[in-house]
Amino acid sequence: MRIEYDIKLGFKDVMIRPKRSTLKSRSEVSLEREFKFLHSPLSWNGIPIMAANMDTVGTFDMAKALSEKKIFTAIHKHYSVTDWNVFASQLPENIENYIAVSTGISKQDSEKLASIFKFNSNLKFICIDVANGYSEHFAHFVKKTRTLYPDKVIIAGNVVTGEMVEELLLSGADIVKVGIGPGSVCTTRVKTGVGYPQLSAIIECADAAHGLGGQIISDGGCTIPGDIAKAFGAGADFVMLGGMLAGHTESGGEIIEKNGKPYRKFYGMSSSTAMEKHVGGVAEYRASEGKTVEVPYRGDVENTVQDILGGLRSTCTYVGAQRLKELTKRTTFIRVNEQENRVYNE
């Protein structure tokens, strides 16, 4: 046993200090980025925000809506091969640049992935997703997937430490997903005591990834647009959102009426709800590590996206970053005990 005494920080522990700026308007800010990848020969251009691969967020409908804004969706892994074939036959132009096929690491997952690509070879992104990215089997699966799909962009996660980011990049991943426990419907930290404050995880993992020429995704913990700005400021290349994109028309999830108002179900992918839906229940050797909540219906996702992008542009104007790429270089975090005046918050 050992103890690390260095302070580790989450989004609520800091704010971004403003800097002098020559920008006259938020409209001058460009949020698009262009990335080349460590292994794949492909390149990517767009706004590096991602919808999480949860079945109440990362849906085909969400992908259609977000791709129009050049925003990415990691499609959840519970669509069938037939579902993919039907969706792919109706793809809007260029949507393949803004979607990933998600997969687990079982033999059946590998076979399903192969079937999806057999019929849809134009798809470009693979998201290999497990709750715990620290197993040797996971790294081996990443390596095997890179061998099978040398030209695809491979996303792998989740981890929270620099050495495992390096391990996955060297195993064949292009982008590593960072976050254990910060999600709004994740209970891993409560059930296991395991986790890492998200801001510090981003800082440490971005440093490791960029040293090798890879990228990271900050996955989880964002509850407001300011958190997204902090994630980018800390060095995240992409920011993945779950709860912030839940409850919309495009999100999927069961619609429930309470007191005459509509709600949509939103749940973690390790929750008992998800496991009962997809694998017949919680296995006897494990516990649920997610919760199920009812989110007030929020209409079309377009309004939420506008709010997020507007906040992010405003952050850039406060620190003088004309491009999102410049934000991390112009970010100075200050430690705080208070984020907002809540006197009128109920």
Side-chain angles (χ1 to χ4, degrees), residues 32 35 37 39-129 141 144-156 174-175 177 217 238 240-242 245-255 264-265 269 274 277-279 299-302 304-305:
E32 291 191 20
F35 291 111
F37 300 107
H39 301 285
S40 171
L42 301 174
S43 60
W44 183 85
N45 176 268
I47 297 175
I49 291 172
M50 293 182 163
N53 50 322
M54 308 168 78
D55 64 7
T56 48
V57 179
T59 65
F60 288 146
D61 287 338
M62 184 67 75
K64 290 176 185 175
L66 295 186
S67 65
E68 293 177 2
K69 306 284 187 183
K70 292 190 171 182
I71 295 175
F72 200 94
T73 301
I75 306 289
H76 71 74
K77 66 184 178 183
H78 299 292
Y79 283 119
S80 68
V81 176
T82 301
D83 291 333
W84 268 102
N85 293 345
V86 171
F87 174 64
S89 69
Q90 305 165 347
L91 285 184
E93 197 172 347
N94 284 335
I95 196 175
E96 66 269 15
N97 292 317
Y98 302 103
I99 55 175
V101 183
S102 296
T103 180
I105 58 173
S106 70
K107 182 181 178 183
Q108 292 88 346
D109 289 324
S110 187
E111 291 170 351
K112 180 180 174 183
L113 188 66
S115 295
I116 291 171
F117 279 111
K118 178 181 177 183
F119 296 107
N120 307 284
S121 59
N122 61 320
L123 296 172
K124 300 178 178 179
F125 289 80
I126 300 169
C127 180
I128 307 172
D129 184 64
F141 189 90
K144 176 185 172 186
T145 306
R146 170 54 63 200
T147 303
L148 292 172
Y149 306 100
D151 293 339
K152 306 298 183 187
V153 180
I154 295 178
I155 301 165
D174 295 293
I175 310 170
K177 201 142 69 78
I217 300 166
F238 296 84
M240 181 171 273
L241 307 176
L245 296 178
H248 293 92
T249 307
E250 301 87 352
S251 304
E254 183 183 344
I255 296 178
R264 299 203 88 151
K265 268 194 178 180
M269 296 311 291
K277 181 176 180 180
H278 299 298
V279 294
D300 292 351
V301 76
E302 182 176 1
T304 297
V305 168

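All heavy atoms count here, side chains included; hydrogens, waters and symmetry mates do not. Note that the numbering runs from 1 along the sequence shown for the chain.
- Looking at Asn120 and Val101, their side chains never come closer than 4.5 Å, going by heavy atoms from C-beta outward.
- Interatomic distance, His78 NE2 to Lys112 NZ, rounded to the nearest 0.5 Å: 7.5 Å.
- The two residues Met62 and Val301 have their closest heavy-atom pair at SD-CG2, 3.9 Å.
- Environment of CD in Gln90: crowded, with over 12 heavy atoms of neighbouring residues, nucleotides or ligands closer than 6.0 Å.
- Lys177 places no side-chain N or O within donor-acceptor distance of the main-chain N or O of Ile128, the cut-off being under 3.5 Å.
- At distances below 3.5 Å, at least one donor-acceptor pair connects side-chain atoms of Tyr79 with backbone N or O atoms of Phe60.
- Considering all non-hydrogen atoms of both residues, Asp109 and Ile105 come closest at OD2-N, 3.2 Å.
- Distance alone, capped at 3.5 Å, is enough to place a donor-acceptor pair between the Trp44 side chain and the Asn97 backbone.
- More than 12 heavy atoms of other residues, nucleotides or ligands sit less than 6.0 Å from atom NZ of Lys124.
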_Chi angles and distances behind the side-chain contact (heavy atoms from CB on, under 4.5 Å) call for Phe141, Ser110_ = CA-CA 9 Å; Phe141 189 90; Ser110 187; 4.0 Å; yes

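- Closest of all the heavy-atom pairs between Ala74 and Met240 is CB-CE, 3.9 Å.
- Closest non-hydrogen pair, His248 versus Thr304, comes out as NE2-OG1, 2.6 Å.
- Contact detail for Ala63 and Ile75: the closest heavy-atom pair is CB-CD1, 3.6 Å.
- Heavy atoms only, all atoms of each residue included: Leu42 and Phe37 are closest at O-CD1, 3.2 Å.
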*side-chain contact (heavy atoms from CB on, under 4.5 Å) between Val305 and Leu66, worked out*: CA-CA 8 Å; Val305 168; Leu66 295 186; 3.6 Å; yes

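- At a cut-off of 3.5 Å, with distance as the only test, a side-chain donor of Ser80 or Asp83 sits close to an acceptor on the other residue.
- With Thr73 contributing its side chain and Ile99 its backbone, the two residues share no donor-acceptor pair below 3.5 Å.
- In summary, the aromatic rings of Phe35 and Phe238 are positioned with their centroids under 6.0 Å apart.
- For the pair Ile155 and Met50, the minimum side-chain heavy-atom distance is below 4.5 Å.
- Atom CD of Glu96 has more than 12 heavy atoms from other residues, nucleotides or ligands within 6.0 Å.
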_Asn122 vs Leu91, side-chain contact (heavy atoms from CB on, under 4.5 Å): CA-CA, chis, key distance, verdict_ = CA-CA 11 Å; Asn122 61 320; Leu91 285 184; 4.1 Å; yes

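- Between Val81 and Phe119, some side-chain heavy-atom pair lies under the 4.5 Å cut-off.
- With 3.5 Å as the limit, one finds no donor-acceptor pair spanning the side chains of Lys77 and Asn53.
- Here Lys265 does not pair with Asp55 in a salt bridge; the nearest charged N to carboxylate O distance is not below 4.0 Å.
- Judged by distance alone, with hydrogens and angles left aside, the side-chain atoms of Ser251 form no donor-acceptor pair with the main-chain N or O of Val57 at under 3.5 Å.
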